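The structure appears right after this line, and notes come after that.
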Amino acid sequence: MILVKQIKYITGFCVVLITMASIEAQEIKPAKQVDGEMPLFEVEDPDYELSPMTGMTRKHWEDAARYLLEGAFSYIDDLDDPMKFPKLPGKSYPHDISRVPTEKLEGLVRTLFVAAPLLKKEPDLTLNGIKVAEYYQHQIPKLANPNSEAFIKPRGNGGPSQNLVEYGALAISLFISPETLWEPLSQEDKDALAASMLSYGDGPTVPSNWKFFNIFVLSFFDAQGYEVNKPLLEEYLNKSLADYRGQGWYNDNPAYDYYSMWAFQVYGPMWASVYGNTHYPEIAKAFKTNFQDLVYHYPYMFSEDGEMIMFGRSISYRIASISPFPFAGTLDDDTINLGWLRRISSGVLLQFLENPEFLKDRIPTLGFYDHFEPAVQNYSTRGSVFWMGKAFLGLLLPEHNAFWTATENEGPWASRFEDDAVYNKFQAASNVLLTDYPGIGASEIRAWCHERKADDWQGFRSSENYNKLSYNSAFPWQADGVDGTISMNYVFKNAKEEWEPWRLYTFKKYEDGKYYRDAILETNDQVHMQLVDIPLANGILRVDKQTSEVPVAMRLGHYALPEVNGKTIEQSTQKVGDYTATIIDNGQYQLAMVPLSGWENIAVLEKTDLNPVSDDSAVINVSAEFLPKAKNKIYATLMLWKKSGEAWKEEELLPVNSLESKANKVEVKMTSGELHSITFD
C-alpha cells in the first residue's frame, strides 16, 4: 500500500514538475514582428450579374477567408511557431505567464474556423510556404503533450475556463474536417487529446452559450467511440433548448445580443447536422425549428447596405454576426429571400475588409474598425478576433446551394420600405425592438440592459456595450466622457460628483409604435425616470418623465459623429417655430437635436479618443437641473438625422405640432395629424 502511494506521489510530482516547466518555458514577450501591412482586400473580377450590390460570389468569400488566414500565417515560418500575435495595449490578456498557453490555444483553434472550410476544398492549401493542414496536424497533438510549450493542463478539479471554450471550438473543426485534422493523428495522440479535451467537456460549464462547448466535445468523442458522460450531454442539450425565447432569440444569461446568433443559432443547427440528427433526432429538430425563426426577424437588424450594428460584448468578432445566414440555404422553405441574406452577409464582409483601420500587424484589431479599448473585454486576447471565422463556415455549403446561386437583392428595403416612413419590428419574446429607417438606410436596436456596475466583475454588461438607449448601424456608439459628455443615454451627477449613466432599465411595454421603459440610478434609488422612445421617419422623439425624489443634475446625448475624411465637423443652428435646432454635420450625416420640454441648455461637445471611428468627434448634449417640486416633469426631445448635403425642411426639424401634459398623460400631435397618447403609470 505504501509502495502504491509512493508511486502515485512520484508520478504526480513528475507531472507537476513537467507542468511547471511548461509554464516556465512560456514568457510574455513581443510576438514575432512581421514587416509591412497587408493591402486592402479587393473583390477581384466582381460578378454584378449574380450580385449587383457587392459583386461577391462564393469564390470571393473563399478569397476573403484566405486573405484573413494569410495574415495569421505571416507569423508562421515553421511548424513549431505558435499562432501568437502582437498584444494591443489595455485590458486584453495575457498579463501573466500562466495565460500564455491559452493565448496560443485561442490563436490556433480560432484560425481553424477560417482554415477548416478551405481545407475541405483545398487540402494542400499552402500559405507563407507552410502547408496549412500539416501545421494544424503538427500543432493539435502538442496541446496534450506535457513536454510541449503548447500543453494545456487538464482541468482536474477546476471550474469552467477559457480552455473549455477553445476545446469546444476545436471539436467543431474536428467535426468539420476529420479527414484532415483527426484521422491523420496517431492513436496515441488521439487518446491523449481525448483525455485532455474530455477533462473539460465532461465537467462544469457557464449557464450561457458555453454549454455548447461541452456538448461538442462530448458529442465528437462519442462519435469516435470513446466513453463519454451521456447524461451530462443530455442535460446540457436540454438546458440549451430551454434558453430559447422565440423570434430567433436565445437568452445568453441574461443578454439578448449577437451571441444568440453567432453562438446558439450556429451551434444548434451545426450540432444537429454532424451528430444530433443521428443520435438525438428530436432535440436536433427543435434546434432547427428555432433556427428557422430567425430568418424572419434577425435580417432586419442590418442596414440597407448590409452593415451590422456595433452592439454588445465581443464586438471584435464582427463578421461572425452573419454566420447563421448561409445555413438558411439548408432549409426547405421557399419563402426565405436567400438573395437578401447573401447581400447582407457580403455587405458585412466588405464593411470591415474594405476599411483601412480593420487590420493592424496584418491581424484584425480588438475593436470595431481600429483598436477601441472601451469595447474590449478582459477575456479577449489578440487571436480572439478569429472567432469571426465562423462566418466562413458557410463555405461548407456546396456551390449549387441556393444561398450562393440566388440573385443578390435588397429585400424589403427595395420592395416594401418607403423613404418617408419608419418600420418597427418588435420581438415580444425578448422585448427587443428592431427599427429600420429607409431615409438613411439605417437599422437600430433596443434591447436588455439591467446590470449593476458594482456586480459586473468583468465590466461589460453594465457598460456602453449595453447601456445605451439604442444602437444604430449608421452611428457606432461613443464611449462616455468622465466630464459628463454622453451619447445616446442620460447621465446624472451622483453623490461622488461623478456623471453616472442609466444601466438599470426595466422594460414596460411596446404599444402603438412606442417603446416604454423605466430606469433607476444604480447609486441612488431616489433618482428614476419613465422613458418613452418613439421612432420617427428621420429620428427619434423622446418623451420622458422625471419622477426622481431628489434634486439632480442631468444630461442627455444624441448619437455622436466622428470626423471623417479629414473634414471638420460643422456646427449650426436653425430656428423652427418656437424652438431652435442644433445641428452637426461630418460630411456623411447630419444630426439635429431639438429640445421641446424641460431642458435648459444645449451644447455641442467636441471630444478626442471616445469614438470608435475617429480620434475626433462631436456630440450634442442637452442639460438641466431637476427639482422634485418643479411643475413640469416632462423632458421631450427630438433627436433627428439626415444625410449630409441635404437641406433641412421645417417639417423635418419640427414634426411635432403640439405637446400637452396633463397629470400622468402626454398628448403629442404630429404635423402629419398622427396622435401619440402617452400614459405614465
Side-chain angles (χ1 to χ4, degrees), residues 424 431 433 435 444 446-447 449-450 467-472 480 484 486-493 499-522 524-536 539-559 579 582 592-602 619-640 654-656 658-670 676-681:
N424 291 316
N431 300 326
L433 178 65
T435 303
E444 195 170 65
R446 291 164 178 82
C449 183
H450 193 102
N467 69 23
K468 300 295 185 182
L469 292 162
S470 56
Y471 296 83
N472 191 291
D480 302 345
I486 188 70
S487 71
M488 199 43 68
N489 202 350
Y490 279 87
V491 283
F492 303 85
K493 185 67 73 70
W499 289 100
E500 180 180 335
W502 286 140
R503 302 184 185 99
L504 305 179
Y505 297 92
T506 300
F507 173 79
K508 304 297 287 187
K509 63 181 177 179
Y510 174 74
E511 184 177 83
D512 299 328
K514 296 179 284 292
Y515 193 77
Y516 291 77
R517 287 172 285 188
D518 290 350
I520 186 169
L521 199 66
E522 176 180 349
N524 188 346
D525 61 9
Q526 291 184 301
V527 177
H528 37 73
M529 290 181 73
Q530 295 177 308
L531 312 175
V532 179
D533 301 46
I534 307 175
L536 308 174
I540 303 163
L541 169 61
R542 300 206 59 79
V543 182
D544 302 327
K545 184 176 182 180
Q546 248 294 6
T547 56
S548 297
E549 304 159 55
V550 293
V552 65
M554 53 191 280
R555 291 182 178 179
L556 169 67
H558 201 333
Y559 288 119
Y579 306 98
T582 298
M593 203 163 187
V594 185
L596 300 177
S597 175
W599 298 107
E600 299 164 7
N601 299 294
I602 188 167
V619 62
I620 311 170
N621 280 197
V622 287
S623 60
E625 299 280 341
F626 172 73
L627 298 173
K629 64 182 181 181
K631 291 184 179 180
N632 178 30
K633 299 185 178 183
I634 300 301
Y635 288 80
T637 322
L638 285 163
M639 308 166 83
L640 309 171
L654 190 60
V656 174
S658 64
L659 188 150
E660 296 182 9
S661 175
K662 295 180 180 179
N664 287 332
K665 194 170 185 178
V666 176
E667 298 281 351
V668 182
K669 187 174 183 180
M670 310 299 289
H676 288 288
S677 183
I678 301 166
T679 301
F680 294 105
D681 298 331

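This structure is a prediction, so every number in the text was calculated from the model and none was measured. We count residues from 1, following the sequence as given. Reckoned from all heavy atoms, side chains included, excluding hydrogens, waters and symmetry mates.
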Would you check if the distance from the ring center of Phe507 to the ring center of Tyr515 is below 6.0 Å?
yes

If you apply the rule side-chain contact (heavy atoms from CB on, under 4.5 Å), what do you find for Leu654 with Tyr579, and how did you get there?
CA-CA 8 Å; Leu654 190 60; Tyr579 306 98; 3.8 Å; yes

Can you see whether Ser661 engages Asn632 through a side-chain donor-acceptor pair at a distance of less than 3.5 angstrom?
no

So do Arg446 and Tyr505 actually touch side chain to side chain, heavy atoms under 4.5 Å?
no

Is it true that a side-chain atom of His558 and a backbone atom of Leu640 form a donor plus acceptor pair closer than 3.5 Å?
yes

Between Ile534 and Ile678, is there a side-chain heavy-atom distance shorter than 4.5 Å?
yes

Can you name the nearest heavy-atom pair linking His528 to Thr547, along with the distance?
CE1-O, 2.6 Å

Aromatic ring pairing Tyr635/Phe626, orientation class (parallel under 30°, perpendicular over 60°, tilted between):
perpendicular

Val543 vs His676 side-chain heavy atoms within contact, under 4.5 Å
no

SB check Arg517 Asp544 (cutoff 4.0 Å):
no

Is any side-chain N of the basic residue among Asp533 and Lys514 closer than 4.0 Å to the acidic one's carboxylate O?
no

Take Lys508 and Gln530 through the test side-chain contact (heavy atoms from CB on, under 4.5 Å) and record every step on the way to the result.
CA-CA 9 Å; Lys508 304 297 287 187; Gln530 295 177 308; 6.0 Å; no

